[in-house]
There are 4 protein chains.
Amino acid sequence: MSYMRSEERARQILACAKRVFAERGFHAANVSHICEAAGIGRGTLYQYFANKQAVLTAILRDTLDRVKALMERQSALNVTFAPPEKLTRAVAIEYSARQLRELLEVVFEDNDTLRILLREAVGLDVDVEKILGEIDATLVAIVERDIIRAQAAGYLRALDAHAVAIMMVGGVEKLALAALRGDVPVDLDKLAREATRLHAIGTLSDRLKPDPT
Amino acid sequence: MSYMRSEERARQILACAKRVFAERGFHAANVSHICEAAGIGRGTLYQYFANKQAVLTAILRDTLDRVKALMERQSALNVTFAPPEKLTRAVAIEYSARQLRELLEVVFEDNDTLRILLREAVGLDVDVEKILGEIDATLVAIVERDIIRAQAAGYLRALDAHAVAIMMVGGVEKLALAALRGDVPVDLDKLAREATRLHAIGTLSDRLKPDPT
Amino acid sequence: MSYMRSEERARQILACAKRVFAERGFHAANVSHICEAAGIGRGTLYQYFANKQAVLTAILRDTLDRVKALMERQSALNVTFAPPEKLTRAVAIEYSARQLRELLEVVFEDNDTLRILLREAVGLDVDVEKILGEIDATLVAIVERDIIRAQAAGYLRALDAHAVAIMMVGGVEKLALAALRGDVPVDLDKLAREATRLHAIGTLSDRLKPDPT
Amino acid sequence: MSYMRSEERARQILACAKRVFAERGFHAANVSHICEAAGIGRGTLYQYFANKQAVLTAILRDTLDRVKALMERQSALNVTFAPPEKLTRAVAIEYSARQLRELLEVVFEDNDTLRILLREAVGLDVDVEKILGEIDATLVAIVERDIIRAQAAGYLRALDAHAVAIMMVGGVEKLALAALRGDVPVDLDKLAREATRLHAIGTLSDRLKPDPT
DNA sequence: AATGAATGAGAGTTCATTCAT
DNA sequence: CATGAATGAACTCTCATTCAT
């Protein structure tokens with residue numbers, strides 16, 4: 001037996017649970033697995049969390065908090081925009097990619113979080129689904145707000161900001177998942193650059209005949 | 001109970017199971033639920049499928065087969081390309097959107113399949129994961145091949161075809177998921193158009209200062 | 001494994017459970033104990049009863065049904081009364097004792113039922129308490145009705161029929177419990193006689209000075 | 001926490017435990033509940049009582065002590081009896097009722113004790129059962145001795161003193177239980193009167209034809 | 001071929017009790 | 001003395017699967 005301050009113990013359990021959930025998946029992971037990993041008795045977990053699912057939701061809520069915090073941090077920021085005629089595509093893309101990278105870093109703090117968010121927590125209970133939905137909505141909202149700001153500044157053309165934000169988030173997540181499957185740690189930097197570039201300038205070649213305006 | 005030709009009965013069970021899995025999720029759905037829906041005894045299911053998971057994998061394999069069939073159908077096709085200088089963006093996008101739509105129709109035959117592929121079958125066993133991975137890989141491969149063909153024809157600029165394909169698929173799926181959450185039947189046509197347009201011409205405004213070449 | 005018709009199996013489980021509950025008490029008795037006694041697997045019990053407590057309530061409800069049936073059987077009966085002046089105490093008591101005996105036979109079908117009703121089912125959940133209360137109320141109602149009938153016929157003096165009924169039932173039950181403690185099978189016949197005699201003529205001696213009327 | 005003299009603290013815990021047991025029942029009541037009620041930490045209880053059940057038995061033993069004390073107090077008393085021919089029924093009953101009342105006051109000090117004795121402590125462990133049995137035996141013994149004394153004095157007719165005592169106690173307890181169910185505080189005075197009257201003169205009417213002696 | 005009664009491994013959870021602080 | 005964090009035995013209950021009918 002080893003004593004620990006309540007707050008600290010709860011965090012320790014969450015950390016171990018995250019690893020266990022990521023490794024085995026929510027259903028395959030026993031409460032026993034988590035407790036073994038945390039080096040505590042099975043009963044101890046229930047002093048900190050109401051039940052197994054509450055452990056998962058606590059993990060997810062952590063992420064949700066981080067994402068929300070980022071959103072507010074960015075809201076506080078006061079950005080001034082150069083006129084579009086002074087800004088090259090390359091610079092704009094570079095700036096965008098940095099923004100996205102920051103976002104990714106916050107959500108996918110580590111590969112375990114990534115795995116849990118995109119895989120192990122998917123398709124569970126409605127409670128879980130709700131938090132997952134909130135995280136998703138916040139992510140999309142952040143991207144969407146960036147798009148709208150950039151539109152207002154004249155950097156982006158007219159488009160459905162919400163739909164585009166969703167697609168961007170989805171595209172990036174899929175790329176992350178694909179990387180995950182390869183079992184190499186995900187390179188968030190490369191991911192951010194590639195996604196930004198695609199979404200910024202699209203795929204079509206300049207050689208195409210101009211549209212008749 | 002009513003007798004039925006083996007083949008037919010198996011298909012009927014699959015159809016019911018698909019509905020049940022989509023409605024309740026894989027774990028929440030009992031074998032009993034499925035059998036009730038199919039109007040058969042609980043033992044009967046085991047004469048057609050080795051176990052509960054085999055039912056799910058059969059459903060997924062169905063989808064995988066359809067996607068693979070599409071891929072081969074398209075391979076057989078012999079497309080001739082106009083020179084890019086003769087093709088406007090609008091026409092190119094229109095063509096692309098039609099292609100994507102066809103793909104979506106095949107994968108997301110119905111909302112139940114959609115839900116199972118993107119949610120209920122996620123994060124389960126490795127066997128399931130493997131089929132899901134194959135479906136994904138095939139989808140990406142189809143899109144990727146289209147991209148490479150279009151590049152060869154000079155329609156698309158130089159880009160990492162694989163990564164872009166992944167992002168496209170991910171973006172579209174996310175859009176589909178978002179629609180699913182709204183509980184309205186997904187409008188595949190609109191979805192295809194929006195996605196294609198974004199991925200084709202990107203988000204940046206023409207007013208930006210040209211890159212120094 | 002041995003197959004059994006549903007109805008029959010349920011009854012068999014109830015019979016075994018009654019024995020087990022009587023022997024060990026509700027809390028000390030495991031579901032395993034019951035199932036072992038019934039020679040079935042632990043899961044089988046749950047095909048017939050929602051949970052452990054439902055087994056107990058089923059047992060109690062059986063008794064309740066029997067008591068209610070007795071009540072109605074007696075209601076149907078049409079008794080004619082001789083004028084009190086023609087009836088000796090001894091005869092009246094004899095008749096009463098037979099009535100009571102019939103009642104006791106129905107409630108305390110066997111020593112196990114007796115023990116469960118008066119001991120093992122006491123102080124449990126409110127649901128259990130409710131059925132126990134209903135049984136009690138019915139018993140009291142039967143006795144009370146007899147009292148009122150006998151009063152109307154002039155056999156019994158003026159008294160609070162309800163309170164007296166309660167006391168009678170309580171007295172008899174306590175006697176039964178005491179007998180139970182001695183671990184000898186309860187002699188319902190003797191019990192009925194003793195109780196009836198006490199309640200009929202009371203304890204006071206005739207030698208007492210008559211009340212000044 | 002506040003310090004308290006050992007003896008005093010133990011009594012305080014017992015008082016709180018009594019309330020808790022009465023309100024929730026022995027099994028439903030947690031050690032935590034008791035400790036919260038007593039305003040002490042969960043570990044502290046174990047410095048005064050070996051375990052949860054010891055708390056209950058201590059409560060019961062308190063009652064047992066009180067009943068035994070009453071018994072001895074009455075033994076010490078030296079009663080002189082008037083000849084039966086000088087005593088009216090009404091006076092005898094009045095006297096008896098007062099005796100009973102005193103007894104009831106001692107046993108059912110309060111509604112919580114009542115509830116615990118008649119409900120929450122029933123059907124538990126053999127140790128508990130044993131004390132309960134001792135209390136019961138003492139109660140019966142007191143009543144029985146009174147009966148025998150009164151018989152000796154010629155007040156009561158010939159009867160099985162033990163059996164009658166048991167029935168009396170049982171009748172009174174049942175009346176008390178019934179009152180308890182109504183959730184009104186039990187009126188011990190009325191209870192004593194009603195019971196005594198019934199048991200004294202019985203139920204039969206005087207109009208019955210006299211027994212042929 | 002079809003059934004559904006029977007199964008039992010294994011899950012999550014509770015809570016009286018211990019003991020380091 | 002007092003505490004409450006830690007414990008783990010023991011419980012009830014679920015449900016995919018088997019197999020006698």
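Throughout, protein chains are lettered first and strands after them, A, B, ... in sequence-line order, and every chain is numbered starting at 1.
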Enquirer: Which is more 5' along DNA chain E, the nucleotide nearest A:Val31 or the one nearest C:Gly41? Just name the residue.
Expert: C:Gly41

Enquirer: To the nearest Å, give me how far apart CD1 (B:Ile34) and C1' (F:dC15) are.
Expert: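 Atom CD1 in B:Ile34 sits about 12 Å away from atom C1' in F:dC15.
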
Enquirer: Would you state whether a donor and an acceptor, one from the side chain of D:Arg42 and one from the base of E:dT17, lie under 3.5 Å apart?
Expert: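 Such a pair exists between side chain and base.
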
Enquirer: How close or far is atom C1' of F:dA16 from atom OH of B:Tyr46, stated in whole angstroms?
Expert: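 Result: 4 Å.
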
Enquirer: Assuming nearest nucleotide by heavy-atom distance, tell me which of B:Ala29 and A:Gly43 is located more 5' along DNA chain F.
Expert: A:Gly43

Enquirer: Send over the distance from B:Asn30 CG to F:dT17 C1', rounded to a whole Å.
Expert: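 That distance rounds to 13 Å.
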
Enquirer: Please report, rounded to the nearest Å, how far the P atom of F:dG8 is from the CG atom of A:Leu45.
Expert: 14 Å

Enquirer: Please determine which of B:Arg24, B:Arg115, B:Glu23 meets the side-chain contact (heavy atoms from CB on, under 4.5 Å) test together with B:Glu120.
Expert: B:Arg115

Enquirer: Assign each of A:Ala28 and D:Lys52 to its nearest nucleotide of DNA chain E by heavy atoms, then name whichever residue's nucleotide is nearer the 5' end.
Expert: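 By nearest-heavy-atom nucleotide position, the 5'-most residue is A:Ala28.
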
Enquirer: Taking only side-chain nitrogens and oxygens of A:Asn51, does any of them come within less than 4.0 Å of OP1 or OP2 of E:dG12?
Expert: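 Answer is no, no contact under 4.0 Å.
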
Enquirer: Checking base pairs now: Watson-Crick or wobble, both atom distances under 3.5 Å. What partners F:dT14?
Expert: E:dA9

Enquirer: Please give, in whole Å, the distance from F:dA16 P to B:Leu124 CG?
Expert: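 Nearest whole value for this atom pair: 13 Å.
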
Enquirer: Distance under 6.0 Å and angle within 45° of the ring axis: does B:Lys52 meet both against B:Phe26?
Expert: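 Yes, a cation-pi geometry holds between B:Lys52 and B:Phe26.
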
Enquirer: Which one, F:dT3, F:dC11, E:dG12, comes nearest to the side chain of D:Thr44?
Expert: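 When the side chain of D:Thr44 is considered, F:dT3 is the closest of F:dT3, F:dC11, E:dG12.
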
Enquirer: Please state how far atom CZ in B:Phe49 lies from atom P in F:dT18, giving the value in whole angstrom units.
Expert: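 Roughly 16 Å, once rounded to whole Å.
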
Enquirer: Calculate, to the nearest 0.5 Å, the distance between atoms CZ and CG belonging to C:Arg61 and C:Leu56 respectively.
Expert: 10.0 Å

Enquirer: What is the distance, rounded to the nearest whole Å, between atom CD of C:Gln47 and atom P of F:dT18?
Expert: 16 Å

Enquirer: Please name the nucleotide paired to F:dT21 by Watson-Crick or G-U wobble geometry with both distances under 3.5 Å, or report none.
Expert: E:dA2

Enquirer: Of all the choices, F:dA2, E:dA1, E:dT7, which nucleotide is nearest to the side chain of B:Tyr48 once you look at every atom?
Expert: E:dA1

Enquirer: Starting at atom NE2 of D:His27, determine the distance to atom C1' of F:dA10, rounded to an integer number of angstrom.
Expert: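 From D:His27 NE2 to F:dA10 C1': 13 Å.
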
Enquirer: Is a side-chain N or O of B:Thr44 found less than 3.5 angstrom from the main chain of B:Ile40, in a donor-acceptor match?
Expert: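 Side chain of B:Thr44 to backbone of B:Ile40, a donor-acceptor pair under 3.5 Å: no, none is there.
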
Enquirer: Picking from B:Asp62, B:Thr63, B:Asp112, B:Asp110, what satisfies side-chain hydrogen bond (donor to acceptor under 3.5 Å, both in side chains) with B:Lys18?
Expert: B:Asp110

